[in-house]
Amino acid sequence: MSEAYDFIVIGAGISGSATAYQLARQGHKVVIIDRFAPAAMASGWTLAGVRQSGRHPAELPLAKAAVELWATLDEELGASTQYTRKGNVRLARNEEEYAQIRRMVEEQSADGLDLSFLSDNAALRTIAPALSPAVLGASFCPSDGHADPHATVAAFVAAAERAGAVFRNHERVRAIRVKGDRVTGVVTDKNNYSAPRVILAAGLFGSELLVPLGIDVPIDARMVTVIRSVPVERVLDQVIGVATGNWAGRQEVNGRFRVTSGGQAWHKRMDVKDGVRDPRPTIHPPMATLGEVVAEMERLLPGTTMHSVEEIWAGLIDMTPDALPVIDTAPEIEGLVIGMGFSGHGFCLGPITGQILCALALADKPGFDLSAFAATRFNTRSNPPQEAMTLHG
Ligand SMILES: Cc1cc2nc3c(=O)[nH]c(=O)nc-3n(C[C@H](O)[C@H](O)[C@H](O)COP(=O)(O)OP(=O)(O)OC[C@H]3O[C@@H](n4cnc5c(N)ncnc54)[C@H](O)[C@@H]3O)c2cc1C
């Protein structure tokens, strides 16, 4: 028995949910299948910064377009995403970082982003008074911001369901079916689904489904530790990043601090509790990293680490070799669209990713130059494009 749809979306993170929403609202028959549940992986683990600053030039037009969509997303989806637009500051903690941030401001301003350089501590602390007097300066992008990840994905899911999309949770896609050079559907651990178009938005595990089709998207799992405090008095409006990307943080709308480490190698352990109603994957972070995150928080935001911890987790980032996503139609397989490998930047992009993947699936023009995100760019394993630094947050 096979269920028939116009479109199958694999993965109910922000990328897949936003795509299902776009397809369903245009009247298409869509099923979205997730191994766990909406926002069970990166889209729930995330810091959820919505930023344009610090973006690769190829990604900047997408980030700008996404930020425009974020402005009216609550209205469009009919639910609160807790989106707040009060800026992002990226801190310079030493002379080397100072030069690096100043260069970034010059380059991105030339690319048309409203980004300023706060050249001394006084200028910085006028904007964010809780920051340490030891920080030398920062970039400031006033149109950056943050949102709540679970609320955002839930808003996309609810809007997609209202438009008729079908969500299948706790069902794992085992294979994408192809006949000749055409996609015909997917096989899961519970069912068969047929559709002429499949959108792969499975994040970290997406490549497992591509390897049997001869498509090579190398993904390195980077583990990031996240600490969340109880709700406390507001002292910080902006998202804080640092030049090297090894710390980031923000204070949520509800007052909780959410702070993160840089990326480190994943220890390859992921617990999924059996026998619970809604099993989700949990990654336990190393204690040593917790200490580093807290110590850096105290250095940057003195006095904030006395607050109680409410929750600790680690999240995984789906890093490609050049830290740019794959957003493309599959080479030589008609009907397969790929949106994965967001390399720590995909939350902000979610709303525009949904529109682009929808356009690709409908064979419409995506409206952006996607050449930097081609699925074929990693074919030369011996000489893959490399990006040394990644900035989540
Ligand atoms: C700690 C951390 C901090 C971050 N900070 C930021 C930030 O500040 N700003 C920002 O823009 N981005 C940030 N990111 C990155 C961002 O969260 C991700 O890029 C984004 O959420 C990716 O969304 P996605 O939908 O592509 O993937 P995911 O959210 O990972 O969703 C993929 C889904 O596919 C499902 N799946 C996988 N395999 C299968 C299968 N075989 N069958 C069915 N389903 C399957 C999974 O269960 C999962 O739900 C951060 C990430 C982390 C981990």
Could you walk me through whether Glu96 and Asn94 pass the side chain to side chain donor-acceptor pair (under 3.5 Å) check? CA-CA 6 Å; Glu96 198 184 337; Asn94 54 45; 5.4 Å; no

Which residue pairs pass the side-chain hydrogen bond (donor to acceptor under 3.5 Å, both in side chains) test when at least one of the two sits in residues 301-311, sequence neighbours left out? Arg228-Glu311, Arg256-Glu310, Glu298-Thr305

Identify, with sequence neighbours excluded, every residue that meets salt bridge (charged side-chain N to carboxylate O under 4.0 Å, His left out) alongside Arg250. none

Applying side chain to side chain contact (heavy atoms under 4.5 Å, CB included), can you list everything that pairs with Ala374, at least two apart in sequence or on another chain? Asp328, Thr376

Of all the heavy-atom pairs spanning Ser17 and Phe156, show the shortest one and how long it is. CB-CB, 3.8 Å

Just to verify, what does Val31 make a side chain to side chain contact (heavy atoms under 4.5 Å, CB included) with, not counting sequence neighbours? Tyr5, Ile8, Ile33, Val166, Arg168, Tyr193

Please step through side-chain contact (heavy atoms from CB on, under 4.5 Å) for the pair Asp322 and Phe378, ending with a clear verdict. CA-CA 9 Å; Asp322 58 6; Phe378 304 114; 3.7 Å; yes

Just jot down the side chain to side chain donor-acceptor pair (under 3.5 Å) partners of Gln264, sequence neighbours excluded, or say none. Thr289

Exercise: do Asp34 and His170 side chains pair donor with acceptor under 3.5 Å: no

One should read off an interatomic distance between Met297 CE and Thr260 OG1, to the nearest 0.5 angstrom, of 11.0 Å

Partners passing ring-ring contact (aromatic ring centres under 6.0 Å, His included) against Phe7 (at least two apart in sequence or in another chain): His28

Shortest non-hydrogen separation from Val293 to Trp247 and the atoms involved: O-NE1, 3.1 Å

Measuring only between side-chain heavy atoms, which start at C-beta, is Gln108 closer than 4.5 Å to Ser53? yes

For Tyr98, side chain to side chain donor-acceptor pair (under 3.5 Å) partners two or more places apart: none

Show me the donor-acceptor pairs, under 3.5 Å and distance only, between side chains in residues 195-205 and residues at least two apart or in other chains.
unit_1: Arg197; atom_1: NH1; unit_2: Ala361; atom_2: O; d: 3.3

Run the salt bridge (charged side-chain N to carboxylate O under 4.0 Å, His left out) test against Arg172 and tell me which residues pass, sequence neighbours left out. Glu208

Using the test salt bridge (charged side-chain N to carboxylate O under 4.0 Å, His left out), find all partners of Arg35 that sit at least two apart in sequence or belong to another chain. none

Can we say Arg269 and Asp271 salt-bridge, meaning some charged N sits less than 4.0 Å from an Asp/Glu carboxylate O? no

Heavy-atom nearest pair, Leu290 first then Pro285, reads CD2-CG, 4.3 Å

Neighbour count above 12 (heavy atom, 6.0 Å) for Glu332 CD: no

Any heavy-atom pair between the side chains of Val226 and Ile312 that's under 4.5 Å? no

Pairing of Arg93 and Glu296 as salt bridge, 4.0 angstrom limit: yes

Pick from Val50, Leu62, Ile14: which one makes a side-chain contact (heavy atoms from CB on, under 4.5 Å) with Cys348? Val50

Pairs flagged by side-chain hydrogen bond (donor to acceptor under 3.5 Å, both in side chains) wherever residues 58-73 is involved - sequence neighbours left out: Arg55-Glu59, Glu59-His345

According to side chain to side chain donor-acceptor pair (under 3.5 Å), who are the partners of Glu334, at least two apart in sequence or on a separate chain? Arg182

Whether the Asp237 and Gln251 side chains hold a donor-acceptor pair (N or O, under 3.5 Å, no angle test) is what I'd like checked. no

